[in-house]
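In what follows, every chain begins at residue 1, and chains take the letters A, B, ... in the order their sequences are listed.
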Protein chains: 2
Amino acid sequence: MIRARKKVKVSAPALADVARIAGVGSGTVSRVINGGKNVSPKTLAKVRAVMQELGYEPSFAARALKGAPSNTIGLIVPTVADPFFSSSAAAIQEVAGLHGTLVLLAASENDPRKEEQEVSALIRRRVDGMILAPSPGSSRTLLQHAAFPVVCFDRPMADASLTTVLADNYGGARVAVEHLVDRGYKRILCVGGYGGLLTSQKRFQAHKDVVREAGLPYLAELGAEDFVSTQSALLRHIRGADRVDAIFSTKNTTTVCIYKVLKELGVRIPGQIGLIGFDDFDLADVLDPPISVVRQPITRIATRAAELLFDEMDHRKPASAITTLDVELVLRGSC
Amino acid sequence: MIRARKKVKVSAPALADVARIAGVGSGTVSRVINGGKNVSPKTLAKVRAVMQELGYEPSFAARALKGAPSNTIGLIVPTVADPFFSSSAAAIQEVAGLHGTLVLLAASENDPRKEEQEVSALIRRRVDGMILAPSPGSSRTLLQHAAFPVVCFDRPMADASLTTVLADNYGGARVAVEHLVDRGYKRILCVGGYGGLLTSQKRFQAHKDVVREAGLPYLAELGAEDFVSTQSALLRHIRGADRVDAIFSTKNTTTVCIYKVLKELGVRIPGQIGLIGFDDFDLADVLDPPISVVRQPITRIATRAAELLFDEMDHRKPASAITTLDVELVLRGSC
DNA sequence: ATGAAAGCGCTAACAC
DNA sequence: GTGTTAGCGCTTTCAT
């Protein structure tokens with residue numbers, strides 16, 4: 001018969017293991033972990049040696065059970081593949097790092113159902129706080145019981161009054177379209193997509209308001225979600241007698257699509273059609289012509305959101321204000 | 001004297017709270033949480049109602065203490081602001097989501113000290129697994145005791161034999177430089193930076209080997225970390241009789257810098273100088289001319305790394321293999 | 001079908 | 001300076 005193998009520790013070593021091997025009590029090990037006050041140098045050294053040898057790391061789960069913070073915040077964004085949100089994540093992470101905190105990342109894909117599951121997953125992990133860019137149609141049902149602060153960024157949450165940081169979408173879009181008007185453009189087309197997002201709606205509305213106020217015709221293609229739909233949208237407006245003379249694009253990916261389509265068609269920018277986009281993008285200044293845009297202060301938005309979160313976690317600052325950050329008109333050569 | 005306020009629950013509700021209010025035992029609530037088997041419909045409904053009312057979510061910390069997995073993996077990258085790593089993070093997150101797992105994100109900034117602290121932080125949180133792009137000079141000291149699988153991506157870890165997934169940096173760079181040779185270029189300059197990274201070194205080496213084998217002069221500027229250093233590096237090689245006729249750029253940000261500098265200087269691409277870069281980038285096909293590159297299969301690398309990690313977490317697959325994924329030569333119009 | 005109770009790894013309060 | 005112990009929120013027997 002095979003001898004029963006001596007039971008082998010398969011999981012991570014625990015404080016008790018360290019205590020047993022070092023021949024001390026658990027309290028002593030705890031003291032060593034937490035700075036080593038009130039422990040004799042000799043004991044300290046021995047315990048540290050054992051910890052080292054075992055590769056011991058204290059379990060946050062056990063500490064959490066005693067009420068300690070998780071030193072973790074949650075971040076929910078549609079996807080981290082989008083440069084806007086990856087830049088945001090980087091900025092948020094940096095602020096978190098300054099507070100000794102890690103970021104638990106979740107991608108909602110703008111799906112409120114998925115978002116809700118992720119909120120739940122974060123609550124279960126007892127994060128100390130949460131930053132999210134709410135999906136359209138997301139509700140705060142789960143959040144209202146949350147024992148930690150929550151701040152929204154880029155978009156407000158429909159039915160909740162949460163601390164929120166976002167760009168001045170309406171004002172920024174106004175500045176862009178007004179600039180086109182000032183330059184003398186008469187037929188200004190608004191091209192955009194993702195109409196479910198509040199941010200998009202604000203930009204659409206600003207275009208509409210400005211052209212109306214200027215007595216110009218309202219021209220819009222609001223279903224441009226990808227290259228193909230953008231292309232077909234444009235085709236309806238750049239031929240014939242009633243072709244547009246300028247385009248306001250409400251999103252950087254759309255701006256790039258528009259640029260490509262116009263290039264392919266041999267349309268001169270800004271000679272035949274002027275172009276300005278909402279949101280800056282990486283090579284906007286290198287294209288021919290360099291593209292004029294209104295730029296959101298992405299890093300500042302995200303950093304501010306994170307700072308407000310940590311403020312609330314420290315019980316400083318009143319909650320529930322909306323911070324609107326100004327966008328910047330970056331004139332290059334496309335209009 | 002002010003009446004002492006009734007003690008109010010400040011932290012998240014616990015299972016015991018649900019049990020007490022529902023008038024059942026803790027075991028019953030536990031059963032309800034875990035699927036509701038062996039619970040009468042009546043009790044089930046009541047308990048669920050109380051859970052709902054309280055916004056109860058079970059604590060993962062308490063479960064972890066009983067040996068349950070954290071359903072969390074760690075991801076350490078230099079920064080998530082870099083498109084390569086944000087795309088990777090998105091892909092890894094997607095795979096993790098399929099496994100009901102969240103991603104704990106940490107940014108090492110290529111600093112081995114910071115990386116070590118983050119590894120420690122992840123171990124303390126008892127992640128089920130970890131994916132990292134090791135910093136140059138990082139050692140596996142902490143990792144050797146880790147009770148969970150670890151896989152590296154983009155770069156191998158110097159002294160450890162861990163499962164690793166990366167692009168064929170040497171082979172890909174060879175293909176790029178060989179293409180330049182085949183096109184008849186005679187003076188091929190290699191421009192790059194971040195020489196501390198193994199990936200960079202492989203690319204440098206491939207260029208050196210290919211030009212040597214072709215009997216061409218070895219020309220390299222390996223300290224191009226940003227626009228300014230790239231600019232001054234180029235200036236040394238594009239004037240005078242011994243100017244270069246082609247450039248191999250080892251990194252996409254460098255490629256963009258080179259493009260800008262050549263444009264500013266009025267150097268025609270590929271007329272006066274041919275250009276090819278390692279790593280594709282977003283608008284490479286929209287520039288004038290479109291830039292030829294060797295493209296890493298970023299998503300496939302990250303996805304594979306994540307899949308291998310989950311395989312190891314499920315105790316499938318042997319550990320410690322190195323997977324090298326082929327890069328793709330994308331010929332556009334710059335050489 | 002349900003309750004009682006032990007124990008997971010740690011901290012804090014207390015005893016020595 | 002150091003050991004002992006209760007208890008944090010769960011899961012999991014074991015009775016009932």
[N] [atom2] sits how many Å from [X] [atom1], rounded?
X	N	atom1	atom2	answer
A:R124	D:dG9	CZ	P	16 Å
A:N38	C:dA13	CG	P	14 Å
B:L65	C:dG7	CG	C1'	9 Å
A:D17	C:dG9	CG	P	7 Å
A:M51	C:dG9	CE	C1'	15 Å

Tell me what B:G36 touches on the nucleic acid: a base, only sugar-phosphate, or nothing, going by heavy atoms under 4.0 Å.
nothing
Cationic N near anionic O, under 4.0 Å, B:R113 to B:D111:
no
Report yes if the side chains of B:T72 and B:R125 come closer than 4.5 Å at any heavy-atom pair, otherwise no.
no
Between A:T43 and D:dT2, does any side-chain N or O lie under 4.0 Å from OP1 or OP2?
yes
If you compare every side-chain N and O of B:S59 against the phosphate oxygens of D:dC10 (OP1, OP2), does one of them come in below 4.0 Å?
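Negative; the distance criterion is not met.
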Does any N or O in the side chain of A:H99 come within less than 3.5 Å of the main-chain N or O of A:N71, such that one atom is a donor and the other an acceptor?
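Side chain of A:H99 to backbone of A:N71, a donor-acceptor pair under 3.5 Å: no, none is there.
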Under 3.5 Å, side chain of B:E115 to main-chain N/O of B:S135, donor-acceptor pair present?
yes
Aromatic rings A:F84 and A:F153: how do their planes relate, parallel, tilted or perpendicular, breaks at 30° and 60°?
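Ring orientation, 0 to 90° scale: parallel.
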Going by atom types alone, do A:E118 and A:S108 pair a side-chain donor with an acceptor below 3.5 Å?
no
Readout for nucleotides 11-16 of chain D: B = base within 4.0 Å of protein heavy atom, S = sugar-phosphate only, - = neither; 5' to 3' it is BB----
